[in-house]
Protein chains: 2
Amino acid sequence: MTIEQIEAKQRIFDAALRLFAMKGYSAVGVREIAREADVNISMISYYYGGKVGILRVIIEQFFDSYKQILKEIKGQNTSVEDSIYSIVASMVQFLKENPELCMVAFSELPYDEPEIADLKASKVPDMYQNVSWLITSHNIPMTDTRLISMIGPTLVGMVFNNFRLRKVIQKAFNVETDDEYDEMFIKVISTLFLSGIKGISERLINPEEDKNNENG
Amino acid sequence: MTIEQIEAKQRIFDAALRLFAMKGYSAVGVREIAREADVNISMISYYYGGKVGILRVIIEQFFDSYKQILKEIKGQNTSVEDSIYSIVASMVQFLKENPELCMVAFSELPYDEPEIADLKASKVPDMYQNVSWLITSHNIPMTDTRLISMIGPTLVGMVFNNFRLRKVIQKAFNVETDDEYDEMFIKVISTLFLSGIKGISERLINPEEDKNNENG
DNA sequence: ATAAAAATCAAACAAACGTTTGTCAAGTTT
DNA sequence: AAACTTGACAAACGTTTGTTTGATTTTTAT
């Protein structure tokens, strides 16, 4: 492959990713992708086997990147506070660096798309199990699987949702979502989540025995 | 209109809502809707002016119902704890009673859909401003608009996200999401959020002066 | 009973869909 | 030099898209 040829394949991916994020996978046509990527329509099937092939690569790439990030966080064995802060910070950084990748993967996740059902089935469980590890690996006494199934996705949901609805939020609150906003967002969400799970531990799991910890 | 005619229009709406929720708006064709609703294809344009007309009704209905719920909660002026609990409980109940309506509205919200841009622009701000009221109306000293813009959508995001990804969550954690699950979910999320914003108030806004409140 | 209105239908519309074909030039391998 | 591979292209493939038409039935109003 020459440099220009690599660029052709990459241009298709970039254009598709941007359009999928903007309008949703099904609302984007191959001709629109080809036009934006400045390639012939047939090149999409040539390089990706079809439109759905691009979506597959997007989702694979998302999950692999995401898994990599969580693996790095697992390496640093620190306090709960630091763990949550760095997991939120990493997620925000990941979202800032790959906003469209995240949006597409996250938006298409709940839909019945038979052609990517296998991908979802194999990759999604990892995603949440890794977040749940955060809770179980520290001395937070949460053994109920249902409880973890509520809290794990919650953290992911809080962060992703803010990015997913940024345009809407900007309009509704008339705020700028700049770097300063993101730094504040990391602090706010990690504090909210940390205080939140402590509150759950104290009030819902051990309403009595942890009172000494609260004042200690 | 006879009863059967009302049913025809309603059947179109029901079928479309179900299909939109399952596959996404753009992935559903009018013939599929007509087949499921057991009506002629032309009846869709006849009653709704076109496919996008159904989506408009869905989104309008969602926001109006949602606004109504929040209005009812505003009426009961109780403690922060009760307010948050009832707001979460109402959201969960609303989601349980109108899962598809919520899913469609929520999923299509971030997309560039020129034909419903006007609807979004007029209805969305209400949605979040109403959640923010919860924070400002009680004695939680949050004046920073950016902070409210982070926390307001967070609560909505936490609850909606759990429902949006229920199928995925069920598979990943092998849990049943029955009524008991939902009751627990309400307690968990409201506790998480309540403890969370208290934590933010104590640690991020007033790191010193609120220490006496914490032990009182 | 008759006229008007509303609801339903089969059929067709142009446009867009994703994919495939056959051709051709450029580069690589033998 | 000949055979082969790769990337790119215009063009066409058969479907499917959302919408509209005009005729027909059903319901409502006079």
Side-chain angles (χ1 to χ4, degrees), chain A residues 1-59 104 108 111-119, chain B residues 1-59 104 108 111-119:
Chain A
M1 282 190 180
T2 68
I3 292 175
E4 282 172 4
Q5 285 157 7
I6 293 174
E7 275 179 355
K9 185 176 182 181
Q10 189 62 39
R11 281 205 310 276
I12 293 173
F13 183 83
D14 293 342
L17 183 59
R18 197 169 54 79
L19 289 168
F20 289 168
M22 210 164 62
K23 309 168 68 176
Y25 169 74
S26 296
V28 178
V30 284
R31 280 164 187 80
E32 195 178 1
I33 298 170
R35 196 192 321 125
E36 289 290 307
D38 197 31
V39 298
N40 189 277
I41 317 172
S42 59
M43 290 292 98
I44 291 172
S45 288
Y46 181 77
Y47 281 119
Y48 292 95
K51 184 185 155 190
V52 81
I54 312 178
L55 182 62
R56 290 187 69 93
V57 175
I58 289 174
I59 291 180
V104 174
E108 297 298 328
Y111 287 144
D112 269 4
E113 199 93 53
E115 288 174 293
I116 59 162
D118 55 326
L119 260 184
Chain B
M1 282 190 181
T2 68
I3 294 176
E4 282 172 4
Q5 284 157 7
I6 293 173
E7 276 179 353
K9 185 176 182 182
Q10 188 63 40
R11 280 205 310 274
I12 292 173
F13 184 84
D14 293 341
L17 182 60
R18 196 170 53 80
L19 290 168
F20 289 169
M22 210 164 62
K23 309 168 69 176
Y25 169 75
S26 295
V28 178
V30 283
R31 280 164 186 80
E32 195 179 1
I33 298 171
R35 197 193 318 125
E36 289 290 307
D38 197 30
V39 298
N40 189 277
I41 316 171
S42 59
M43 290 293 96
I44 291 172
S45 288
Y46 181 77
Y47 281 119
Y48 293 95
K51 184 185 156 191
V52 81
I54 312 178
L55 183 61
R56 289 187 69 92
V57 175
I58 289 174
I59 290 178
V104 174
E108 297 298 327
Y111 286 143
D112 268 5
E113 200 92 55
E115 289 174 290
I116 58 161
D118 56 324
L119 260 183

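A cation-pi arrangement, defined by a distance under 6.0 Å to the six-membered ring centre and an angle within 45 degrees of its axis, is absent between A/K9 and A/Y46.
Remark: A/S45 pairs with no residue by the side chain to side chain donor-acceptor pair (under 3.5 Å) rule, at least two apart or across chains. Under the side-chain contact (heavy atoms from CB on, under 4.5 Å) criterion, B/V39 pairs with B/A8, B/R11, B/I12, B/A34, B/A37, B/M43, not counting sequence neighbours. Shown here are the side chain to side chain donor-acceptor pair (under 3.5 Å) partners of A/D112, two or more places apart in sequence or in another chain: there are none. Partners of B/R31 by salt bridge (Lys or Arg N to Asp or Glu O under 4.0 Å), not counting sequence neighbours: none found.
Note: OH (B/Y48) to C1' (C/dT8) measures 16 Å, nearest angstrom. In this structure, A/E32 atom CD and C/dA15 atom P are separated by 18 Å, rounded to whole Å. C/dA7 atom P lies 14 Å from atom CD of B/E7, rounded to whole Å. If you take NZ of B/K51 and P of D/dT19, they are 8 Å apart, rounded to a whole angstrom. Protein atom CD of A/Q10 is 13 Å distant from nucleotide atom P of D/dA8, rounded to whole Å. Between the C1' atom of D/dG18 and the CG atom of B/L55 lies a distance of 15 Å, rounded to the nearest Å. Remark: P of C/dA7 and NZ of B/K9 are 9 Å apart, rounded to the nearest angstrom. D/dT16 atom P lies 17 Å from atom CD1 of B/I44, rounded to whole Å.
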Report each atom pair, protein N/O against N/O of nucleotides 9-11 of chain C, whose distance is under 3.5 angstrom.
unit_1: C/dC9; atom_1: OP2; unit_2: B/N40; atom_2: N; d: 3.3
unit_1: C/dC9; atom_1: N4; unit_2: B/S42; atom_2: OG; d: 3.1
unit_1: C/dA10; atom_1: OP2; unit_2: B/N40; atom_2: ND2; d: 3.3
unit_1: C/dA10; atom_1: N7; unit_2: B/N40; atom_2: ND2; d: 3.2

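Side chain of B/R31, nearest nucleotide from D/dA8, C/dG18, D/dT17: D/dT17. Which of C/dT8, D/dT20, C/dG18 sits closest to the side chain of B/Y46 comes down to C/dT8.
Within the structure, salt bridge (Lys or Arg N to Asp or Glu O under 4.0 Å) pairs that include any residue of residues 18-27 of chain B comprise B/R18-B/E36, B/K23-B/E32 (at least two apart or interchain).
Closest non-hydrogen pair, B/F20 versus B/L55, comes out as CE1-N, 4.4 Å.
The side chain of B/Y47 contributes an N or O atom lying less than 4.0 Å from OP1 or OP2 of C/dT8.
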